[in-house]
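Working notes, beginning with the structure itself.
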Amino acid sequence: MKITRRYFPILLSFLILFSWGGVGRGQDSMLARTPPMGWNSWNHFACDVSDTVVRAQADAMVATGMKSVGYTYILIDDCWQGTRDDAGYIRPNVKFPDMKALADYIHGEGLKIGIYSSPGPKTCGGYEGSYGHEEQDAETYAVWGMDYLKYDLCSYDGMGAQIPAYRKMYDALKKTRRPIVYALCQYGMQKGWEWAASVGGNLWRTDDDIRDNYFSMAELGFGQNGLERFAGPGHWNDPDMLEIGNGGMTDDEYRTHMSLWCILAAPLLAGNNLVTMGAATKAILTNPEVIAIDQDPLGVQGHRVTQEGPLEVWMKPLEDGSKAVGLFNRGWGAMPVTVGLRDLGVGGSAAMRDLWARKDLGRFQEIYTALVPQHGVVMIKVK
Ligand code: GLA
């Protein structure tokens, strides 16, 4: 009893210290422990986004089963902004009559919501940016109930170094005490991967905008090799959002898109119209075994292990000691792709499972060969 009384003040100060650190710290490493999954308005709707569109996509996220396999964030990209009020607070435009009500609606579905701005005076679409209003904007997002901010470098040229600009918004977000995932969009300029996490970034774009065609997707996705050491739980490389289901690629090409993004531990942000999505698109976006590779708790980004002309083998180590492996054919016509177990750091023989076919393939000695369709992939788990 005596001891307790004597040490009580010390105990109390420890308790205060720890709770101070834990409550409302805003952006911390527990946010985005695995790569964020969700839907973003830009790739399909661009500036045709509205409250009605967003609600319908959220409804579809639930109805299609996307939510149940892990998709969580409903992200409003550019074109939601109106003008500022006399005090300088941002207001949405007429297409978003009540942002707080919209956020409540999304939260009511068990989902999270995100918004978009720019450190410059204007966004990429020419809408109002956050320059000079960083704290007011962060405060507004928190009051609305936003859980995610994409902060896009547009119109910031010549206005000072981008690193302090990104830190400024991070500090403003932190001050709100609301946990808000912080997504930097600066296209890999000034090697963003080297400093983005140090200014609070949970993810950062590593390159230019994706287009809905195989060559754009392949250039971005296969171009990520070497960046794996910058990613990990809470901080991820972002080779841009998904185009799956937007119509510009074949199903084999979209399966490559999904497989590669999962091996890269990339954010999985669907960019199609979830309301009209067909069965093939849904199957590609929702295969739980493929998603589990992206969301593996070890949080290691995969890399290329071999390349022979257009044939590439990529590998992502997983928490249970097994490896996810992608056998990719970037060339014309179907071709056999071979992976050597030794290249994967596996000796002797190993059990394999085909993740798209969702079936065990048996045990293999030294090598495994699969016939891979043009621009396609065979994705396996090696145990
Ligand atoms: C940039 C970004 C895109 C999108 C648009 C919006 O191009 O890279 O992802 O946010 O701006 O204007």
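In listed order, ligands and their atoms are each counted from 1. Sequence positions, counted from 1, serve as the residue numbers for this chain.
In the model, Asp152 has a side-chain atom that pairs as donor or acceptor with a side-chain atom of Tyr187 under 3.5 Å.
Using a 4.0 Å cut-off between charged nitrogen and carboxylate oxygen, Lys381 and Glu289 do not count as a salt-bridge pair.
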> For Leu184 and Trp195, what are the C-alpha separation, side-chain angles and deciding distance, and is it a side-chain contact (heavy atoms from CB on, under 4.5 Å)?
Replying inline: CA-CA 11 Å; Leu184 276 57; Trp195 52 266; 3.9 Å; yes
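For ligand 1, the protein residues within 4.0 angstrom (heavy atoms only) are Trp42, Asp77, Asp78, Tyr116, Cys124, Gly125, Lys150, Asp152, Cys185, Tyr187, Arg205, Asp209, Met241.
Counted within 6.0 Å of CZ on Arg342, heavy atoms from surrounding residues, nucleotides or ligands total 12 or fewer; the atom is thus considered open.
Between Phe222 and Phe328, the ring-plane angle classifies as perpendicular under the 30° and 60° cut-offs. Using cut-offs of 30° and 60° for the angle between ring planes, the Trp144 and Tyr141 rings count as tilted.
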